[in-house]
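Throughout, numbering of the chain's residues begins at 1 and tracks the sequence. Whatever order the structure lists ligands and atoms in, that order sets their numbers, starting from 1. Just so it is clear, the values below take in all heavy atoms, side chains as well, and ignore hydrogens, waters and symmetry mates.
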Amino acid sequence: MKIYRAKDYDHMSQIAANILAAQIVLKPDSCLGLATGGSPVGTYKKLIEKHKNGDLDFGKVVTINLDEYCGLSKDNDQSYDYYMREYLFNHVNINFGNVNIPNGLEPDAAKECKLYDEIIAKNPIDVQLLGIGTNGHIGFNEPSAEFKFASHHAQLAEATIEANKRYFDSEEKVPKTAYTMGIGQIMLSKKIVLIASGESKADIMYKALHGPIMPQLPASVLQMHRDVTVIGDEAALKHIKQ
Ligand code: GLP
């Protein structure tokens, strides 16, 4: 596991964007696993800058997002579909036919998860970008009694609803479930880039990287992956002496 200590959020974003950009330059038809939340916004901004400078061509890139809230349409500004268009896709030359995000409005969970499993199986992920929840979730793989391999319909943890309510008008409006890629599928990515910023992530980053590997702390499984790059700012990595 490589750990980069970034000076701050902007520096973290720059390093993460450099890695994703290098991947696209080396393999223009790369499949990128993409994340949402506050952490990757800066990374996407840097990628947009590289594209606008003429340095980055998304024309053949395939993307697979980690997750989507159930019950939100693509037009809902809190859906991850909307987020991806707002923060990345509308500003680069991505082919929207190559974009994959679960359909949060599909009521048949088994059908949606099977479809997503097929998409992931057909498009091996070259680099998976990850954030981390304060309870150690990755994607919407919440703490549980077992690591779930495949896509599934996840019940959001109380801590996640609490953390994400800042984006909604009220806590009641935060969706209670989501469709998410599974831990096994994340672990099959050839390379993983985990970004974390801010004091609120310091404890969980220490436990995830140095504590026991257990499904009660989903991100701890990353210790078992052969190619993980962690990029954190000083605050998020303050307990990690390395
Ligand atoms: C969200 C997403 C995760 C994200 C995490 C942290 O709920 N499902 O993919 O990594 O929570 O979000 P943030 O980066 O805003 O702290």
Side-chain angles (χ1 to χ4, degrees), residues 6 8-10 12-13 15-17 20 32-46 63-72 76-84 86-88 100-102 104 113 116 120 125 127-144 148 151-168 171 173-183 185-187 189 192-205 207-209 217-222 228-233 235-237:
D8 51 24
Y9 179 84
D10 192 65
M12 174 194 83
S13 304
I15 299 170
L20 294 179
L32 305 181
L34 297 179
T36 49
S39 305
V41 170
T43 304
Y44 296 148
K45 199 165 159 234
K46 305 282 183 196
T63 64
I64 303 187
N65 264 75
L66 284 166
D67 47 16
E68 178 62 284
Y69 286 119
C70 290
L72 300 191
N76 186 307
D77 63 5
Q78 291 311 320
S79 74
Y80 288 160
D81 199 292
Y82 189 99
Y83 169 110
M84 288 309 303
E86 175 86 1
Y87 290 115
L88 182 63
N100 299 284
I101 303 176
C113 293
Y116 220 54
I120 297 165
I125 296 171
V127 182
Q128 175 66 57
L129 180 64
L130 290 179
I132 184 170
T134 50
N135 64 355
H137 74 222
I138 45 178
F140 271 132
N141 288 271
E142 297 285 21
S144 91
K148 295 198 179 70
S151 306
H152 57 280
H153 186 203
Q155 197 72 35
L156 303 194
E158 277 307 315
T160 301
I161 292 170
E162 176 66 25
N164 290 2
K165 73 178 185 193
R166 66 189 193 276
Y167 296 116
F168 293 83
E171 188 165 336
K173 293 211 173 140
V174 186
K176 305 296 178 282
T177 67
Y179 292 137
T180 184
M181 186 187 293
I183 288 286
Q185 292 161 324
I186 292 172
M187 290 295 280
S189 308
I192 292 178
V193 175
L194 171 65
I195 54 175
S197 151
E199 181 92 34
S200 65
K201 300 288 171 72
D203 286 344
I204 202 67
M205 284 298 281
K207 289 181 188 151
L209 304 189
L217 203 164
S220 64
V221 77
L222 300 175
V228 177
T229 300
V230 177
I231 311 163
D233 62 12
L237 296 184

Please could you name the atoms of ligand 1 that [X] approaches to less than 4.0 Å, counting only its heavy atoms?
X	result
Ile132	6 (C), 10 (O)
Tyr80	1 (C), 2 (C), 7 (O), 8 (N)
Gly131	10 (O)
Phe140	7 (O), 8 (N)
His137	1 (C), 3 (C), 5 (C), 7 (O), 11 (O)

Is there a heavy atom in [X] that sits closer than 4.0 Å to ligand 1?
X	result
Gly139	yes
Tyr167	yes
Arg166	yes

Say whether, by atom type as modelled, one donor and one acceptor occur between the side chain of Asp8 and the main chain of Asp233 under 3.5 angstrom. no
How far is [atom] from its nearest protein heavy atom, and which residue and atom name does that atom have?
atom	value
atom 7 (O) of ligand 1	Asn164 ND2, 3.0 Å
atom 15 (O) of ligand 1	Gly38 N, 2.7 Å
atom 16 (O) of ligand 1	Lys201 NZ, 2.6 Å
atom 8 (N) of ligand 1	Asp67 OD2, 2.9 Å
atom 4 (C) of ligand 1	Thr36 O, 3.9 Å

N/O to N/O below 3.5 Å, does that happen between Tyr69 and ligand 1? no
Quick check: Thr160 and ligand 1, any N/O pair under 3.5 Å apart? no
Apply ring pair (Phe, Tyr, Trp, His ring centres under 6.0 Å) to Tyr9 and list each qualifying residue two or more places apart in sequence or on a separate chain. none
Should one rank Ala157, Ser39, Ser200, Gly37 by closest heavy-atom distance to atom 14 (O) of ligand 1, which comes out on top? Ser39
Would you call Tyr167 and Tyr83 a side-chain contact if the rule is heavy atoms closer than 4.5 Å? no
Using distance alone, with no hydrogens and no angle criterion, decide if Asn164 and Tyr69 have a side-chain donor and acceptor under 3.5 Å apart. yes
Pick out which of Val41, Leu66, Ile101, Asp67 makes a side-chain contact (heavy atoms from CB on, under 4.5 Å) with Thr36. Asp67
